[in-house]
Participant: 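I am attaching a structure below and will ask some questions about it afterwards.
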Amino acid sequence: MTVPVAWVVTRGDEVTITPASAAKPAAAEEEPEQPRETSLWSSEERVKAPTHADRAPVELGTRFTAAKDGAATGVRFYKAPGEKGQHTGSLWDARGRRLAKVTFPDETASGWQEARFSSPVQLEAGQVYTVSYHSAHGTYVGSQGAGSATSGPLSTTSRNAGVFRYGGSGGFPRQSNPKGYNYWVDVIFRWHEHRRPTTPRPTYTRWPTATPTPTWTRWPTEEPTSGPTNWPTGRPTHRPTHWPTDVPTNVPTDLPTDLPTDLPTSEPSPTVTVTRTPTTRPTATHRPTHWPTWRPTPRPTPTRWPTVEPTPTRSQTPLPTPTKSPTGTAEPTPTKSPTRTPEPTPTKTPTKSPEPTPEPTKPQEPGNRSCDGFPTPDCTGVPPGTKLTAKALNEGRSYRVTAAGTELNGVHIAGDLLITANNVVVRNSQIDGMVINEFGPNTYSFKIYDSTVGPASGCNTLPGVGESKFTAERVLVRNHGDGFRASGDNIVIRDSFVRLCSNPGDHSDGVQTYKTGKGLVLDHNTIDQRNVKDITAPIFLTDPQIVDAVVTNNLVMGGTYSIQLKNARGTLIVQGNQIVDKSWAYGPVEADCDKISWRNNSIVTIDKDYNVTSVVKALPCAK
């Protein structure tokens, strides 16, 4: 006998049932797979999120994983009211390779939009993927502090789920917002449930259940009707030569050869079971991390610091009172500079001009370099005279390191440096893009010395160096929206120079914490954020996960506030830092002063070479 079978295939909101040809399934084979389909958020879900208008082209995405193998069949996103233009959706793997692209047809004015790929894209269980859409208009919805989302085997990544990338042509969105935004971009995911037959072997109900051997109630007439209870060991000689034709009626004449008669004639329609978590849940705005138990000894306080302790009575968050600014201009009475003018009397100095020729020897011993004052471009980055060897990109627009203990010395990478192995060392090298050690859910340890990071011109929105478990010394970061990203434990940034830029909609920071952990050391660096429009702060440490942070002997300028240190706990030291006078927008400091050991910080003026020309006043902590 045959059993009718049906495949259930979903397309959009429709369900199409296509009969399959009837056949006899093998006894131990699996039944047909039942396709199911889900997304992270329901199309009936009303998104209550603020509308953002960056007025710049941007790619917005969501990072996700699947607990089962399956396929992505399309992209969905929630369209903000007032958003204009046509949109395209993309699917990316963890390496930034585009797996599929589609244009959204028949868009509505706002709400959920959906587009299907020309063919499903197979996804592997446990791998990280990114689904995104591109907005040329730059208007979108975004929810701050969004929690994770789960539906069936589909879920967002545990951290950095919401990502973006500015640019007219789109591209792989890698940058995450420090406040944990969800941009409401969704994937349509299909998978199959494998079911074994309910009865792997047919059970024949027609077989006699009393005895395995039939009892012949009608034996041939010549056979005695009543015989002895014990038969003799030998066969009777009068045994018939053939069996009787009238066999018992209670014995089946033939055994069933196909499926049992009680098999179901149709398959139940599949149902999609979706377990949803709240779409929005307040979470910490930065990455969870762990700090080391040690902290470095702060550098000795320079002799140029004010000898008096800052008086907290002057702490205030409003804009600095301009009445005090004249005191800053009055103090820079560089009457001492004329004393330096007679010093050049030694006309023998020209004879010393050829002496700088030994500079090319510095690449051999870059660790011996030091800046007389604060770090500048002249004493950071690739040492003069270094010969660079070009490294061919091997991972899209990146050069990827996969072997633990790799050392890169004197190389030029015309793209990003992607570190996916531990204990990597980079020396005397130039990286035109960014240096990042995050790949999927993992981060890897590295050290970078005497290297230049960033393009020679333009502005790269992404951070120059990140994310965690790294040491950076004498590094020159140029033309990046963010200088360093601190997003984990064991981060040391020392003797480095950062000159920032911004694109429309950026939140430029010199050092930005994002779910940071324990052991951040920021010592003797120069961070210049002057002349940057879209800004937050040169030192932006506002992560609730921060434990034990040391900020010492830095020269900073620019920002809404030049130094922000809030929400942290543990041992917090801010000492010996100098902020350039009137370089901020709102004030020099915003901090939780009662939690911080605050000493010998001041407001100064500088020249074009970052030399301090005067101390305007001591800088008290201000909330």
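All residue numbers in this chain count up from 1 along the given sequence. The shown structure was predicted, so the numbers you read here are calculated from the model rather than taken from an experiment. For the numbers below, each heavy atom of this structure counts, side chains included, while hydrogens, waters and symmetry mates do not.
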Participant: Could you pull out all residues at least two apart from L393 that satisfy side chain to side chain contact (heavy atoms under 4.5 Å, CB included)?
Facilitator: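 L393: side chain to side chain contact (heavy atoms under 4.5 Å, CB included) contacts with Y399, I413.
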Participant: Do the side chain of S468 and the main chain of G488 share a donor and acceptor less than 3.5 angstrom apart?
Facilitator: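 Here the side-chain-to-backbone pair does not exist.
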Participant: Establish, yes or no, whether a centroid distance under 6.0 Å links the rings of F446 and F470.
Facilitator: yes
Participant: For the rings on Y181 and H52, is their centre-to-centre separation under 6.0 Å?
Facilitator: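 Y181 vs H52: aromatic centres under 6.0 Å.
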Participant: Does K595 have more than 12 heavy atoms from other residues, nucleotides or ligands lying within 6.0 Å of its NZ?
Facilitator: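 Enclosed: over 12 neighbouring heavy atoms sit under 6.0 Å from NZ of K595.
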Participant: Between Q512 and D482, which heavy-atom pair has the shortest distance, and what is it?
Facilitator: OE1-OD2, 3.7 Å
Participant: Are Y561 and F540 an aromatic pair by the rule of ring centers under 6.0 Å?
Facilitator: no
Participant: Got a sec, which residues hit ring-ring contact (aromatic ring centres under 6.0 Å, His included) with F484, two or more places apart in sequence or on another chain?
Facilitator: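 Partners of F484 by the ring-ring contact (aromatic ring centres under 6.0 Å, His included) criterion come out as none, since no residue qualifies.
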Participant: Knowing that exactly one of I579, V615, V616, N577 qualifies, which makes a side chain to side chain contact (heavy atoms under 4.5 Å, CB included) with S602?
Facilitator: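 Output: one option passes, namely V615.
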Participant: Answer yes or no: does atom CG of N394 have more than 12 heavy-atom neighbours from other residues, nucleotides or ligands under 6.0 Å?
Facilitator: yes
Participant: Could you give all pairs that pass the salt bridge (Lys or Arg N to Asp or Glu O under 4.0 Å) test and reach residues 529-540, with sequence neighbours left out?
Facilitator: D528-R530
Participant: Please list, chain by chain and in numerical order, all residues satisfying side chain to side chain contact (heavy atoms under 4.5 Å, CB included) with T157, sequence neighbours excluded.
Facilitator: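 T157 satisfies side chain to side chain contact (heavy atoms under 4.5 Å, CB included) with R63, T65, V128, A161 once adjacent residues are dropped.
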Participant: Quick one, S135 and Y140 - any side-chain contact, counting heavy atoms below 4.5 Å?
Facilitator: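 They are not in contact (no side-chain heavy atoms under 4.5 Å apart), so the answer is no.
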Participant: Taking only residues two or more places apart in sequence or in another chain, which ones pass side chain to side chain contact (heavy atoms under 4.5 Å, CB included) with Y449?
Facilitator: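 With sequence neighbours excluded, Y449 shows a side chain to side chain contact (heavy atoms under 4.5 Å, CB included) to V425, R427, K447, E473, R474, given in chain and number order.
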Participant: Of all residues at least two apart in sequence or in a different chain, which pass the salt bridge (Lys or Arg N to Asp or Glu O under 4.0 Å) check with D93?
Facilitator: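 Only R97 meet the salt bridge (Lys or Arg N to Asp or Glu O under 4.0 Å) criterion with D93.
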